[in-house]
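For reference, positions follow the sequence shown, starting with 1.
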Amino acid sequence: MKNTILNYINKNSFEKKYSENTILNISKSFQIPKNTCAIVLNKLLEEDKIIRIDEKPFYFISLEYLKSENIEVNKKTYLNFNELVNHKDVDAFSKLVGYQYSLKSTVNKCKSTISYPPNGLPMLLYGPTGTGKSYIARLTYEWALNENLLSNKGKFVTVNCSEYANNPELLTANLFGHVKGAFTGADKDNEGLISLADGGILFLDEVHDLKAECQEKLFTYMDQGIYHRVGDNEKWYSSNARIIFATTENPDNVLLKTLMRRIPMVISIPSLNERTSQERLELIYTIFYNEQLRLNSKIRLSSQVYSILMTEQFKGNVGELKGVIQSSCINSLLDKKEDVITIRLNSLPDSILKNYQTGAFHTNNKEFIFVDDLKIHSNQSKEIIRLNESILNCFKEYKIHKDVSILMEKGKKIIGDYFDAVILKESKIEQSYYLKGIDHILNVVDDRYGFKVTNNERRAIAYYIQEVIDETNDYWNWYIKNEEECEDLHEILQNEYYRTTNIAFEICKYLQSYFDIDLLSIMIDTFIFYIYNPSRIKKAEQKACVILSHGYSTASSMAEAANQLLQEYIFDSLDMPINTDTQMIIDRLNAYLFRMGHIKDLYLLVDMGSLAEIYNGLKIDNVNVGIIDHVSTPIALAIGNGIRQGIEMNELLKRVSEASSCTYHIMERKIKKSIILCSCASGIETSNRFKDILEESLPGGINVEVKIQDYSFLLTHKDNNPLFKEYNVLFMIGTLNPDIEGLNYVGVEDLITQANYEGMNSYFYNLMSEEELETFNKNILKNFSLSNLMNVLTILNPTKLLEQVANAIDQLQMYLRIHLSNRTCFGLYIHICSMIERLIISKNQYEYEDCTDFERENETFIGFTKKAMNSIEKFYHVEIPLAEIKYIYLYVKNDENK
């Protein structure tokens with residue numbers, strides 16, 4: 001198989017059909033599982049038979065072909081084909097300190113926005129002075145240029161709007177250009193900066209200093225790419241310049257809302273104090289290193305100076321840090337000896353020194369750090385950090401081969417090797433504190449799950465906890481940099497090994513309480529790898545067994561005894577007081593099942609026949625439920641042994657029933673069709689339009705339907721909704737959350753602001769591949785932009801209507817003396833615009849619920865709303881009913897800012 005796949009890759013490589021060499025295409029061509037295909041490809045990669053191009057999706061090129069083309073290869077993976085051919089890293093952002101850590105999200109947003117088809121979208125960089133907004137804008141230009149998104153002649157044109165704060169006419173003339181004679185002194189035509197930036201990027205810095213009239217003049221260009229020159233209102237000029245804005249002020253307070261609506265991406269740049277200490281160290285090194293090159297001298301700094309640079313709260317952020325370092329170099333330049341410049345405490349500028357009292361530092365003046373050594377320090381990592389890095393490296397490999405068993409095997413080996421190594425360092429462990437706590441916690445877990453831990457393993461765990469505590473700062477900094485990948489790993493392990501996760505989570509909760517440490521997902525995952533027993537039958541991970549019994553601790557005692565005798569964690573328990581009613585039992589069982597995740601078989605062992613009907617209230621789909629009554633420890637042991645032997649549910653329960661006086665019942669699995677529900681308070685017409693947009697966004701071949709339902713019907717029937725019984729509702733999309741328990745809700749405003757993509761993606765577990773999810777997300781980003789929605793949702797003039805609604809909402813906020821979040825405002829824009837159209841079409845004949853109570857209790861709100869909406873009612877000749885005002889009230893009431 002390996003040679004067959006290699007020949008396939010080789011053939012496509014020589015034919016320059018590189019895109020055919022993906023895991024998906026290869027698995028389809030040879031009709032083998034993707035996991036198997038990934039394993040073979042990794043072996044070929046390790047044997048230097050192929051290289052991998054890390055574009056999405058990954059593809060592979062044979063070494064034989066590359067040698068025939070005289071293309072030099074010096075590593076196994078490349079970012080893209082250009083890097084392979086040009087032998088250079090074309091990612092301009094790699095020059096940005098923190099681009100893979102605290103600024104990773106910032107970089108990804110810049111790339112996505114500037115490359116958005118067909119000509120990119122405007123973006124706004126928002127952050128304090130000195131955070132590097134101009135530098136990030138410049139790197140965005142360089143990256144886009146390298147990616148061939150811009151013309152080779154496209155320029156990066158910067159306009160500092162603060163220079164024109166008191167002369168907007170001059171800015172307009174310089175920006176859009178002017179014709180000869182347009183004003184006094186205009187003795188010739190001027191093309192303007194927008195024309196100069198054609199094919200490139202126009203960077204408008206300090207945009208908050210742009211007067212309102214100047215902001216408005218940008219609208220036509222941003223919408224259509226055309227503009228008038230000053231003095232020529234007849235001829236239209238065009239430019240293909242992409243726009244990046246930057247501001248230090250809150251854009252919601254200083255920019256017109258009509259401008260903000262044309263900027264789909266606002267990117268917050270963190271201050272220096274919000275960056276990690278590791279990144280600050282890298283910044284200090286980078287700035288000093290550049291000064292070394294400029295001065296052609298080595299630089300060293302005292303430990304006192306190093307301490308100040310690492311801890312000072314620089315109000316001017318990276319810009320001020322750079323200024324302080326350059327100032328200290330200037331102050332020390334004349335004292336240079338033997339081509340070494342020494343930065344002492346008195347080399348720092350007075351603005352920094354005044355914050356420190358004389359004598360505050362007592363460090364030996366002979367302690368100096370050379371700048372070149374800072375690079376070494378910045379690359380050092382602690383033992384606990386190296387452990388975490390190794391775990392994440394395993395996960396990165398998993399994302400290629402997608403075989404969770406390999407992930408678990410390698411992860412378990414990493415933890416085992418770490419524990420073996422640290423056992424030899426037991427002298428470091430404070431026996432009286434750490435070991436005492438570990439012994440207590442593991443004894444509790446042993447009693448509960450039959451989970452045995454040797455004395456050496458207890459010492460190793462104690463060492464691990466002490467490492468976590470001793471290196472808290474570095475541990476946290478590392479986690480912040482890698483939080484997204486850590487959470488992705490945790491989700492995979494939780495879904496695949498939910499029983500092991502339960503034990504690991506319980507241990508970590510005890511550790512958190514006993515040692516007062518932060519509970520991070522990487523710690524839980526460390527214990528999941530440690531606890532998992534590879535000899536256990538994989539099928540056991542797909543089964544849940546619960547003992548339900550009345551009494552203070554009857555069920556838990558029985559479960560603990562059975563787990564200990566079986567020497568395996570099989571049973572969970574729910575103890576019920578004697579007076580517990582059936583509904584309370586069902587509620588607790590549903591909560592348990594929610595935590596369990598994805599299972600195929602559920603065994604319920606109950607103590608009396610009356611409990612056998614509880615399955616009717618279970619909120620669980622696609623699961624076989626087997627209930628057996630008159631539970632006892634022997635019955636639990638018989639069930640547990642049968643599960644370990646892999647006996648199917650029907651046969652197992654039949655055997656146990658025949659061997660005892662108990663009875664059983666099985667509810668077979670019912671596969672429900674998965675759907676997305678559209679239901680809008682704005683009306684069924686709006687729901688239908690959302691349905692069309694969603695269906696257009698879903699990748700082809702996905703076994704998911706989109707259905708609509710009247711919002712009033714949804715509220716009225718709630719849990720008794722027949723739709724919920726017939727279908728597996730993944731989530732609901734709408735304009736107002738109905739707050740129905742168990743119904744996942746995604747607001748349209750979340751899709752516009754891209755606030756809930758990860759949550760929405762999680763609902764497609766096992767329904768979409770990563771490639772399909774990526775396609776879906778791109779389609780959602782495109783189809784659920786505010787401008788696109790407005791054009792789809794209303795037959796009215798969308799620009800005019802949206803402007804009127806936005807003004808009305810602004811007035812309402814002013815009357816109520818509140819400030820609504822952007823998310824709430826977007827929801828109200830969609831809801832009210834759809835409502836106006838419906839009122840016009842239905843001629844105010846729409847049937848509404850009775851709102852007598854609402855009217856009596858909210859007179860002030862109703863009055864303010866009518867006043868704010870008065871101009872809209874007059875313009876469109878409609879009257880907004882009380883029921884619609886009630887929906888507006890619910891939006892305001894649920895606003896996240898309140």
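Lys133 and Asp205 are not joined by a salt bridge, as no carboxylate oxygen comes within less than 4.0 angstrom of a charged side-chain nitrogen. Taking the charged nitrogens against the carboxylate oxygens, Lys111 and Glu147 have no contact shorter than 4.0 Å, which rules out a salt bridge.
Smallest separation of non-hydrogen atoms from Ile400 and Arg52: CD1-NH1, 3.0 Å. Closest heavy-atom contact between Val305 and Ile343: CG2-O, 3.7 Å. Among all heavy-atom pairs drawn from Ile517 and Ile465, the shortest one is CD1-CD1, 4.4 Å. Closest approach of Ser347 and Asn331 over heavy atoms only: O-ND2, 2.8 Å.
Within the model, atoms OG of Ser390 and CD1 of Ile385 stand 11.0 Å from one another, a figure rounded to the nearest 0.5 Å.
No donor-acceptor pair closer than 3.5 Å links the side chain of Arg300 to the backbone N or O of Val340. Side chain of Ser307 to main chain of Ser303: no donor-acceptor pair is present (N/O by atom type, distance under 3.5 Å, no hydrogens or angles). Using a distance-only test at 3.5 Å, with no hydrogens or angles considered, a donor-acceptor pair links the side chain of Gln215 to the main chain of Leu256. No donor-acceptor distance shorter than 3.5 angstrom exists from the side chain of Asp339 to the backbone of Ser297, with no hydrogens or angles considered. Judged by distance alone, with hydrogens and angles left aside, the side-chain atoms of Glu320 form no donor-acceptor pair with the main-chain N or O of Gly130 at under 3.5 Å. At least one donor-acceptor pair closer than 3.5 Å links the side chain of Tyr141 to the backbone N or O of Gly154. Listed for the Gln292 side chain is a donor-acceptor partner under 3.5 Å among the backbone atoms of Ile299. Distance alone, capped at 3.5 Å, is enough to place a donor-acceptor pair between the Arg280 side chain and the Leu309 backbone.
Looking only at atom types and distance, the side chain of Asn273 has no donor-acceptor partner in the side chain of Ser271 under 3.5 Å away.
A search for salt bridge (Lys or Arg N to Asp or Glu O under 4.0 Å) contacts involving Asp417 returns Lys413, not counting sequence neighbours. Legend: residues meeting salt bridge (Lys or Arg N to Asp or Glu O under 4.0 Å) with Lys109, ordered by chain and number and at least two apart, are absent.
Taking the six-membered ring for Trp and thresholds of 30 and 60 degrees, Tyr464 and Tyr418 have ring planes more than 60 degrees apart, a perpendicular arrangement. Note: Phe395 and Tyr398 have parallel aromatic rings, judged against thresholds of 30 and 60 degrees for the angle between ring planes.
Ring centroids of Tyr285 and Tyr289 are separated by less than 6.0 Å, placing the two rings close together.
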